[in-house]
Amino acid sequence: QVQLVESGGGLVQPGGALGLSCAASGLTLDDYNIGWFRQAPGKEREGVSCIRSHDGTTYYRDSVKGRFTISRDKAENTVNLHMNSLKPEDTAVYYCAAAPRYKGFGACMSVYAITYWGKGTLVTVSS
């Protein structure tokens, strides 16, 4: 059974930093591209960042470039998202998601191509 379990969400002040972790079980990271998505209240779920697990190639949406860093730890079977210089507009539920490699790298930024989802972790950026 495949499980993606997010952790690390919470309340942070604007300009602060927060790290999220996605623990994967029941799948091999090399066979999937792992993405982080977010969904703010009243908005559609959007892709934030993605990592091609077998070679570490990364991708970020424009609004988080230079502030967020995605990484993976194959030994621990985890994918992490470190977020710096957080803004109130980063407030959302953040989801970890996996798309099979055969769908191509771009698939892990598309909600329609995701095979497995985590349950999400809430990030609130507020003073």
Side-chain angles (χ1 to χ4, degrees):
Q1 179 182 1
V2 174
Q3 281 191 313
L4 300 174
V5 180
E6 304 94 338
S7 61
L11 173 65
V12 62
Q13 292 187 339
L18 202 61
L20 305 181
S21 184
C22 172
S25 60
L27 59 79
T28 301
L29 282 185
D30 275 356
D31 295 333
Y32 288 84
N33 296 322
I34 306 297
W36 282 94
F37 289 73
R38 66 187 180 187
Q39 188 165 19
K43 295 189 176 181
E44 294 186 350
R45 193 171 297 189
E46 62 183 16
V48 175
S49 180
C50 180
I51 188 164
R52 194 159 62 187
S53 296
H54 73 281
D55 69 358
T57 300
T58 59
Y59 181 82
Y60 301 91
R61 70 181 299 110
D62 286 346
S63 62
V64 307
K65 283 181 182 176
R67 300 189 297 122
F68 290 13
T69 303
I70 191 170
S71 62
R72 91 268 196 229
D73 184 333
K74 287 189 177 182
E76 297 292 326
N77 229 37
T78 59
V79 174
N80 304 306
L81 184 70
H82 190 73
M83 306 179 291
N84 287 321
S85 302
L86 282 161
K87 305 175 181 180
E89 52 262 43
D90 294 317
T91 295
V93 177
Y94 283 71
Y95 298 90
C96 179
R101 276 179 60 185
Y102 72 83
K103 290 189 176 183
F105 187 39
C108 68
M109 291 289 285
S110 169
V111 296
Y112 304 105
I114 297 299
T115 300
Y116 301 108
W117 290 96
K119 293 184 178 181
T121 185
L122 177 62
V123 172
T124 303
V125 184
S126 175
S127 54

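Throughout, numbering of the chain's residues begins at 1 and tracks the sequence. Side-chain atoms are counted along with the backbone in the values below, which use heavy atoms only and exclude waters and symmetry mates. What you see is a predicted model, and the numbers here were worked out from it, not measured in a lab.
Heavy-atom minimum distance, Ala99 versus Ile114: CB-CD1, 4.0 Å. In this structure, Gly47 and Arg61 approach most closely via the heavy-atom pair O-NH1, 2.6 Å. Annotation for Ser127 and Pro14: closest pair N-CD, 3.7 Å, computed over non-hydrogen atoms. Contact detail for Val93 and Gly120: the closest heavy-atom pair is CG1-CA, 3.9 Å. Of all heavy-atom pairs between Thr115 and Pro100, the closest is OG1-CD, 3.1 Å. Taking both residues in full, the closest heavy atoms of Phe105 and Ile51 are given as CE1-C, 3.9 Å, listed atom of the first, atom of the second, then distance.
Within the 4.5 Å cutoff, side-chain heavy atoms of Thr69 are placed close to those of Tyr60. Considering only heavy atoms from C-beta on, Asp90 stays 4.5 Å or farther from Val123 through its side chain. Contact annotation: the side chain of Thr121 never approaches that of Ser7 to less than 4.5 Å [non-hydrogen atoms, C-beta and beyond]. Annotation: side chain of Tyr59 is not in contact with side chain of Ser49 (no heavy-atom distance under 4.5 Å). Counting only heavy atoms from C-beta outward, the side chains of Asn33 and Lys103 never approach each other to under 4.5 Å. By the 4.5 Å heavy-atom criterion applied to side chains, Leu20 and Met83 are counted as neighbours. The closest side-chain heavy-atom distance from Trp117 to Val111 is below 4.5 Å.
The neighbour count for Glu44 CD, taken as heavy atoms of other residues, nucleotides or ligands under 6.0 Å away, does not exceed 12.
Ser63 contributes atom OG, which lies 7.5 Å from atom NZ of Lys87 (distance to the nearest 0.5 angstrom). In this structure, SG in Cys96 is found 9.5 Å from CG in Asn80, a value given to the nearest 0.5 Å. One finds the CZ atom of Arg101 at 11.5 Å from the OH atom of Tyr32 (value rounded to the nearest 0.5 Å). Between atom CD of residue Glu76 and atom CG of residue Leu29 there is a gap of 11.0 Å, rounded to the nearest 0.5 Å.
The existence of a salt bridge linking Glu46 and Arg38 is confirmed by a sub-4.0 Å separation between a basic side-chain nitrogen and an acidic carboxylate oxygen.
With 3.5 Å as the limit, one finds a donor-acceptor pair spanning the side chains of Thr57 and Asp55.
With Thr91 contributing its side chain and Val125 its backbone, the two residues share a donor-acceptor pair below 3.5 Å. In this structure a side-chain-to-backbone donor-acceptor pair under 3.5 Å is present from Ser110 to Tyr112. Side-chain atoms of Glu6 come within 3.5 Å of backbone N or O of Lys119 as a donor-acceptor pair. Listed for the Asn77 side chain is a donor-acceptor partner under 3.5 Å among the backbone atoms of Ala24.
In the hydrophobic clustering of this structure, Met109 does not group with Val48; members are Ile, Leu, Val, Met, Phe, Trp, Tyr whose side-chain heavy atoms approach within less than 4.5 Å, directly or through other members. Tracing side-chain contacts under 4.5 Å through hydrophobic residues (I, L, V, M, F, W, Y), one never reaches Phe37 starting from Leu81; they form parts of separate clusters. By the criterion of side-chain heavy atoms lying less than 4.5 angstrom apart, applied directly or through intervening Ile, Leu, Val, Met, Phe, Trp or Tyr residues, Leu27 is grouped together with Trp36 in one hydrophobic cluster. The cluster map of Ile, Leu, Val, Met, Phe, Trp and Tyr, joined by side-chain heavy atoms under 4.5 Å apart, puts Leu86 and Leu11 in different clusters. When the side chains of ILVMFWY residues are joined at heavy-atom separations under 4.5 Å, either directly or via intervening members, Leu18 and Tyr95 end up in two distinct hydrophobic clusters.
Between Phe68 and Tyr94, the ring planes lie tilted relative to each other; the angle falls in the 30° to 60° range.
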